[in-house]
Amino acid sequence: MKKTILIGLIAGITGILIGYKVPKDKNVGYVMISGRITNPEQAGKYFAEVNDVVVKGCGAKTLTVDYETDVREGYDGPFSVLAQFPSKKAAQDCYEGDYQNIIPLRKGAIDMNFRIVERNR
C-alpha cells in the first residue's frame, strides 16, 4: 500500500513538472483564408506545393479546408482554410519566407483574403 501511494505521488509530481515545462498553445497563430477558386487546374499546382512549404516546412497544422463554405454574410467565395501555427510570429515568418515562392502559383487561380491572427487567452 505504501509503495502504491509513493508511486502515485511521484507520478503526480512528475506530471505537474512536465505540465509546467511543456509550452501551452496559449498564443498560437492562425492563418484564415477565404475566397474563390477561379482556375482549378492552376489552383491544383498551388495546393500541391502548399503542403510541402507550409505544413512540412513551417510546422502548420491544417484544421479545415472547405470548398463549399456556407457564407452567410460578406463577399468572399465558398473556399475557406484555417491553419494553426505554433505562434503568430511563426505564421508571419512562414508567409515572409518560403511561402513567397509559391504565391505566383495562385495568381490568376484563387482570389482570396489572407489573414494572420493570434489566439489570446
Side-chain angles (χ1 to χ4, degrees):
M1 178 75 169
K2 288 182 182 180
K3 188 175 182 181
T4 303
I5 293 172
L6 181 61
I7 290 171
L9 186 58
I10 292 170
I13 291 170
T14 302
I16 290 170
L17 291 175
I18 290 172
Y20 176 75
K21 290 289 188 183
V22 173
K24 308 295 183 271
D25 60 356
K26 179 180 176 185
N27 294 323
V28 296
Y30 294 97
V31 166
M32 301 173 5
I33 296 171
S34 59
R36 178 175 288 105
I37 297 173
T38 58
N39 181 334
E41 184 179 329
Q42 183 64 27
K45 295 174 186 175
Y46 166 77
F47 294 137
E49 295 294 322
V50 166
N51 189 56
D52 286 340
V53 172
V54 177
V55 176
K56 293 178 184 173
C58 296
K61 177 181 177 185
T62 303
L63 301 178
T64 188
V65 176
D66 187 354
Y67 296 95
E68 297 179 14
T69 303
D70 180 357
V71 180
R72 298 292 173 111
E73 294 186 37
Y75 303 102
D76 295 330
F79 172 65
S80 298
V81 175
L82 180 61
Q84 180 179 324
F85 288 76
S87 67
K88 185 176 183 178
K89 175 90 167 92
Q92 292 166 330
D93 290 346
C94 183
Y95 183 85
E96 297 299 329
D98 289 340
Y99 182 76
Q100 292 296 308
N101 297 327
I102 63 172
I103 288 175
L105 293 175
R106 71 161 210 252
K107 298 292 183 182
I110 306 170
D111 295 330
M112 66 183 201
N113 292 303
F114 191 113
R115 291 175 170 75
I116 298 174
V117 299
E118 179 176 54
R119 178 180 76 193
N120 293 312
R121 281 195 193 184

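Only this structure's heavy atoms are used, side chains among them; waters, hydrogens and symmetry mates stay out. Because the structure is predicted, anything quoted here is derived from the model rather than measured.
- Between Q100 and E96, the shortest heavy-atom contact is CG-O, 3.6 Å.
- Criterion: ILVMFWY side-chain heavy atoms under 4.5 Å apart, direct or through other members. Under it, Y67 and V54 are part of a common hydrophobic cluster.
- Between Y99 and F114, the ring centre distance stays below 6.0 Å.
- When the options T64, T62, V117, V31 are evaluated for a side chain to side chain contact (heavy atoms under 4.5 Å, CB included) with L82, the one that passes is T64.
- For N101 against P104, the heavy-atom pair with the smallest separation is O-CD, 3.6 Å.
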(Q) Checking I116 against K88 for the side chain to side chain contact (heavy atoms under 4.5 Å, CB included) test, could you report, in this order, the C-alpha distance in whole Å, the side-chain angles of both residues, the deciding distance, and whether it holds? (A) CA-CA 7 Å; I116 298 174; K88 185 176 183 178; 3.8 Å; yes
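- Shortest non-hydrogen contact noted between Y95 and I103 is OH-CD1, 4.0 Å.
- Annotation for D76: atom CG counts as buried by contact number, over 12 foreign heavy atoms lying within 6.0 Å.
- Sorted by first then second residue, the ring pair (Phe, Tyr, Trp, His ring centres under 6.0 Å) pairs that include residues 40-64, not counting sequence neighbours, are F47-F79.
- The minimum heavy-atom distance between G108 and N39, with the atom names listed, is O-CB, 3.5 Å.
- Under the rule for a side chain to side chain contact (heavy atoms under 4.5 Å, CB included), the partners of K89 that lie at least two apart in sequence or sit in another chain are S87, Q92, D93.
- The shortest non-hydrogen separation linking R36 to G77 is NH2-CA, 3.6 Å.
- Within the 4.5 Å cutoff, the side chain of V81 has no heavy atoms near those of the M32 side chain.
- The nearest pair of heavy atoms linking I102 to V50 is CD1-CG2, 3.8 Å.
- The disulfide (SG to SG under 2.5 Å) analysis of residues 28-107, with sequence neighbours excluded, yields the pairs C58-C94.
- Under a 3.5 Å cut-off, the side chain of T38 and the backbone N or O of A109 do form a donor-acceptor pair.
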Q: In sequence, state the C-alpha distance, the side-chain angles, and the governing distance for M112 and R106, and then conclude on side chain to side chain contact (heavy atoms under 4.5 Å, CB included).
A: CA-CA 10 Å; M112 66 183 201; R106 71 161 210 252; 3.3 Å; yes
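- Between R119 and Y30 there is a side-chain heavy-atom pair separated by less than 4.5 Å.
- Distance check: L63 CG to K61 NZ gives 6.0 Å after rounding to the nearest 0.5 Å.
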Q: Please test N113 against I33 for side chain to side chain contact (heavy atoms under 4.5 Å, CB included), starting from the C-alpha separation and ending with a verdict.
A: CA-CA 6 Å; N113 292 303; I33 296 171; over 6 Å; no
